[in-house]
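Worksheet for the structure shown next.
Convention: sequence-line order gives letters A, B, ...; per-chain numbering from 1.
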Protein chains: 2
Amino acid sequence: MFEKEPGRTAGLMHSAGQRAPRQPSIKDIARLAHVSHPTVSRALHNSPLVRPETAEKIRRIAAETGYRASAVARGLVTRQTRTVGLVVTTVSDPFAAEVACGVEQTANDYGYAVFLADSNADPKRERSVVQELAERRVDGIIVTSSRVGALYLPLLKQLNVPIVLVNDQFPGAFVHSVMIANRAGSRAVMKHLIGLGHKRIAYIGDRNGYQSDVERLASYKQALAEAGIEFDAKLAVKGNGGTATAIKAMNGLLDLDRQPTAVCCYNDMTALGAMRAIHARGLRIPADISVTGFDDLFFSGYLDPPLTTVHQPMRRMGEIAMENLFKLMSGEQSVAQAEVKAKLIVRGSTGKAKTARGLTPKSRRR
Amino acid sequence: MFEKEPGRTAGLMHSAGQRAPRQPSIKDIARLAHVSHPTVSRALHNSPLVRPETAEKIRRIAAETGYRASAVARGLVTRQTRTVGLVVTTVSDPFAAEVACGVEQTANDYGYAVFLADSNADPKRERSVVQELAERRVDGIIVTSSRVGALYLPLLKQLNVPIVLVNDQFPGAFVHSVMIANRAGSRAVMKHLIGLGHKRIAYIGDRNGYQSDVERLASYKQALAEAGIEFDAKLAVKGNGGTATAIKAMNGLLDLDRQPTAVCCYNDMTALGAMRAIHARGLRIPADISVTGFDDLFFSGYLDPPLTTVHQPMRRMGEIAMENLFKLMSGEQSVAQAEVKAKLIVRGSTGKAKTARGLTPKSRRR
DNA sequence: AATGGGGTCGCACAGGTGTGCAATAAGGAG
DNA sequence: CTCCTTATTGCACACCTGTGCGACCCCATT
C-alpha cells in the first residue's frame with residue numbers, strides 16, 4: 001500500500017499521528033541469530049549456559065543492531081525497576097540540587113535511574129508526586145530536608161519501600177537518615193564569634209519546629225550560657241530559610257535599641273539576605289557587624305566579604321544516602337543513621353567585635 | 001510451613017534477603033470484586049462499558065486496598081512509559097536547576113515522570129546516561145545547555161525519540177529548541193553601559209565555539225561599532241562560565257596598562273567571580289568598575305552591590321521545552337524553535353564611567 | 001413469538017523479558 | 001555397544017495491564 005504513494009515525505013513522518021516504529025526486541029535478535037529468545041537473554045547476561053561462540057555471535061548482532069533490552073519489560077518480570085525516587089521541596093534550592101547531584105551520581109554507578117520528584121513545597125503536589133512514585137514501582141526513595149513531611153509520611157510508609165532521609169526535619173518518623181552535625185557546627189560558629197569578643201550575637205532561624213533549627217538554636221543558647229552571656233529573646237528571631245524573609249528579620253534586628261555586633265544565620269541563604277539588609281543601611285561587614293552562615297553554598301566564598309560559614313558536604317551526603325539505600329534494598333536492616341561532620345570555614349565576614357556604643361559591658365551590668 | 005515457626009520476627013523481616021511482598025495487582029482487585037480483571041481495568045479508566053454500580057464497587061475496593069496500577073506493566077502494553085529524560089551537565093548549576101524545576105512541574109501536570117540524567121560534564125558518563133534513557137524507553141528527551149553535546153548527539157538521534165533542546169550550544173543539530181534572545185540581551189547591556197559613558201568595556205566569555213558566547217560576543221562587538229568605539233582584542237577574554245576561571249580572567253584585565261571601566265560578563269557566575277577579583281584589589285563597584293551579568297540567578301539581586309544583569313526566564317523556558325515536547329510526542333511536527341525575551345535588570349553594579357586616568361578620549365586619539 | 005439491538009461482562013491475547021525444566025546431542029566410561 | 005554425564009538449547013510460563021471480540025442477558029419492536 002505504502003509503495004503506491006509517490007514522493008519521499010512518507011519516510012519522514014514516522015511519528016506523525018502514531019507511535020514511532022517499535023524498538024528491536026529480543027525476538028528480533030533471536031531471529032537474526034537463528035536461536036530462541038531465551039538464548040539471547042542468556043547470552044546478553046553472560047550466562048555460562050550458552051556456548052561461547054553462540055554467545056559471541058549474539059552479542060555481535062545485538063551490538064550491530066543497537067539493541068538494548070527494555071528496562072520496563074525486565075522490570076515487570078524481575079519485580080525490580082532499578083529506579084529510585086528523589087523527593088525534594090524544590091531543585092531550585094542549591095542545597096537540594098547538590099544532594100541530588102550526589103544521589104544521581106551514585107545511583108548511576110549502580111545502574112539505577114532516579115525520578116526527580118519536585119514538590120515545589122506544595123502539599124497537594126507533594127502527595128501527588130509520591131503517589132506517582134508508587135505507581136512507578138520505585139525500589140527506594142530518598143527525601144531531602146522534608147518540610148511538610150508530616151503530611152505524607154504515612155503515605156510513604158504505606159509504599160512499603162526502603163526510605164532514606166537527608167536532614168530530616170521530623171526525626172523519629174523513619175529509621176534511616178543522613179544528618180549534618182547541627183550541634184557541632186553551630187557550636188563551632190558560636191565559639192568563633194565569642195572568641196572574637198562578641199557578646200550581642202543575634203540568631204536568625206528557620207520556621208518553628210524544624211529539627212535543624214531546633215538543634216542549631218539549642219547550640220547557640222548553650223554556647224552563650226557557657227560564655228556567661230545572658231540569652232536575649234529579642235535577638236533570636238525566626239526566618240524561613242529564604243533571602244526575602246531574612247532581610248525583614250535583619251531589619252528588625254537593626255531597628256533594635258542596641259544592635260547586635262554579630263548575626264548567626266540559620267543557613268547561607270539567610271546570611272545572603274542578612275548581608276544585603278546590613279549593606280543597604282550603609283553598615284560594614286565585619287567592621288560594624290559580623291555575619292555567619294551554614295551550608296557553604298557555592299556562592300558563599302565569593303560574596304563581599306566572603307562568608308564565614310559551616311561547610312556541609314552536601315554532595316557527599318547525597319552519596320551516602322544512596323549507598324545506604326542500596327544496602328537497605330539488598331536486605332540489610334542494620335543500616336544506622338549517619339551523621340556527617342560539620343566544618344567551620346572562617347572567611348572575611350567575621351571580625352573582632354565593635355565595642356557597644358557608649359556602653360561597656362560592665363556599665364551595663366549595673 | 002511458616003506457621004510451624006514460632007515467634008513474631010517473621011512478620012517483620014519482609015524484605016530481609018528477599019523481595020518485599022508484591023503490591024496488590026489488578027487480579028487481586030478482580031477477585032475481591034467478583035469480576036474479571038478486564039472489568040477492573042475498564043472501571044478504573046471510567047469506561048462507559050461497565051455498569052455504574054459495578055464500577056463504583058470496584059473503585060471503592062481499589063481505594064480501600066490502596067491499589068495503584070503498575071506503570072511498568074502499563075508501559076509494556078501501551079508502549080508509552082509516560083516518562084521523559086532530562087539531560088543536564090549538572091544540577092549543581094543554578095541555571096540547569098531552574099530549568100529542571102520548570103520541566104518537572106509541567107511534566108507532572110501531564111502525568112509524566114522525569115528521569116534526571118546528570119552527566120557531570122563527563123563525556124563518558126554523558127554517553128552512559130543517554131544509553132540508560134534508551135533502555136528506560138523514555139517518550140521524549142530534554143537537553144539543557146549541552147556542552148559536550150556533539151559527542152552523543154548522533155546517539156540521541158538513533159534513539160528515534162522526540163528531543164527538545166534548551167539553549168543549545170550547537171545549533172542546527174536538532175530542529176526543536178528553546179533559546180534565550182542572546183543578541184537582544186547582550187545588546188541591551190551594552191547600550192546601558194555605553195549610555196553611562198563607558199568606552200573601555202571588557203568582555204569575559206565562555207569557551208570558544210559555544211553558541212551563547214558567540215552570539216553575546218557578536219552583539220558586544222556590534223554595539224561597540226555602532227557607538228564608534230574601536231574593538232580591543234585584549235579586552236575580550238575567554239572564561240568557562242565558572243567563578244574560578246572568571247577570577248583569573250578578571251585579574252588579567254586588571255593587570256592591563258589601561259584597565260577597563262566596565263566588564264560585561266557572559267553570565268552571573270562569571271560576574272560573581274569578576275566581582276570577587278575586583279573587590280580583592282580594593283577597587284569599588286561601580287565607582288571604579290561597572291559589572292554586568294547574564295541570567296539573573298537567585299543570588300544576583302543580593303550581592304553587594306546588586307548585580308545589573310539580563311533576566312532569563314529559566315523556569316519558564318523549562319516549561320516551554322516540556323510543552324513543546326508534548327506536542328512533538330503527540331505527533332505535531334510543526335513545533336518551531338522558540339525564542340524567549342531577555343530583559344535587562346538594572347541594579348547597583350553599574351554606574352557612570354570613571355574618566356580614564358590622565359587620558360581623555362580625545363588625547364588618546366592623537 | 002421471533003428478531004434485533006443495546007448494555008455488561010469475560011476470554012484470549014499481546015507486549016518484552018527472565019527462568020525452571022525438559023529435550024537433545026555429544027562424549028566418555030563400562 | 002549401551003548407559004550415564006555434561007553441555008547446549010528450546011518450550012512454556014510468569015510478570016501486570018489494556019483491548020478486540022464474542023457471549024450473554026434483557027427489553028423493545030415487528
Presence of salt bridge, A:R316 and A:E323, under 4.0 angstrom: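 Looking at A:R316 together with A:E323, the answer is yes, because their closest N to O distance falls below 4.0 Å.
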
Can a salt bridge be assigned to the pair A:E64 and A:R60 using a cut-off of 4.0 Å between side-chain N and carboxylate O?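 Answer for the salt bridge query: yes.
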
Using a cut-off of less than 4.0 Å, is there contact between a side-chain N or O of [X] and OP1 or OP2 of [N]?
{"X": "A:R74", "N": "D:dC15", "answer": "no"}
{"X": "A:S41", "N": "C:dG18", "answer": "yes"}
{"X": "B:T54", "N": "C:dC9", "answer": "yes"}
{"X": "A:R51", "N": "D:dT8", "answer": "no"}
{"X": "B:S36", "N": "C:dG10", "answer": "yes"}

For the side chain of [X] and the base of [N], is some donor closer than 3.5 Å to an acceptor across the two?
{"X": "A:R42", "N": "D:dG10", "value": "yes"}
{"X": "A:H45", "N": "C:dG18", "value": "no"}
{"X": "A:H37", "N": "C:dG16", "value": "no"}

Write down the distance between [atom1] ([X]) and [atom2] ([N]), rounded to a whole number of angstrom.
{"X": "B:Y67", "N": "D:dC16", "atom1": "OH", "atom2": "C1'", "answer": "8 Å"}
{"X": "B:H34", "N": "C:dG10", "atom1": "NE2", "atom2": "P", "answer": "12 Å"}
{"X": "A:K27", "N": "C:dG18", "atom1": "NZ", "atom2": "C1'", "answer": "13 Å"}

Could you give the distance from OG1 (B:T144) to CG (B:D93), rounded to the nearest 0.5 Å?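 Answer for the OG1-CG pair, B:T144 versus B:D93, is 7.5 Å.
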
Over 60° means perpendicular and under 30° means parallel, so tell me whether A:F326 and A:Y110 are parallel, tilted or perpendicular.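 Parallel: the ring planes of A:F326 and A:Y110 meet at under 30°.
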
When the nearest nucleotide of DNA chain C is assigned to B:P38 and to A:I26 on a heavy-atom basis, which residue is associated with the more 5' position?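 Whichever sits nearer the 5' end wins; that is B:P38.
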
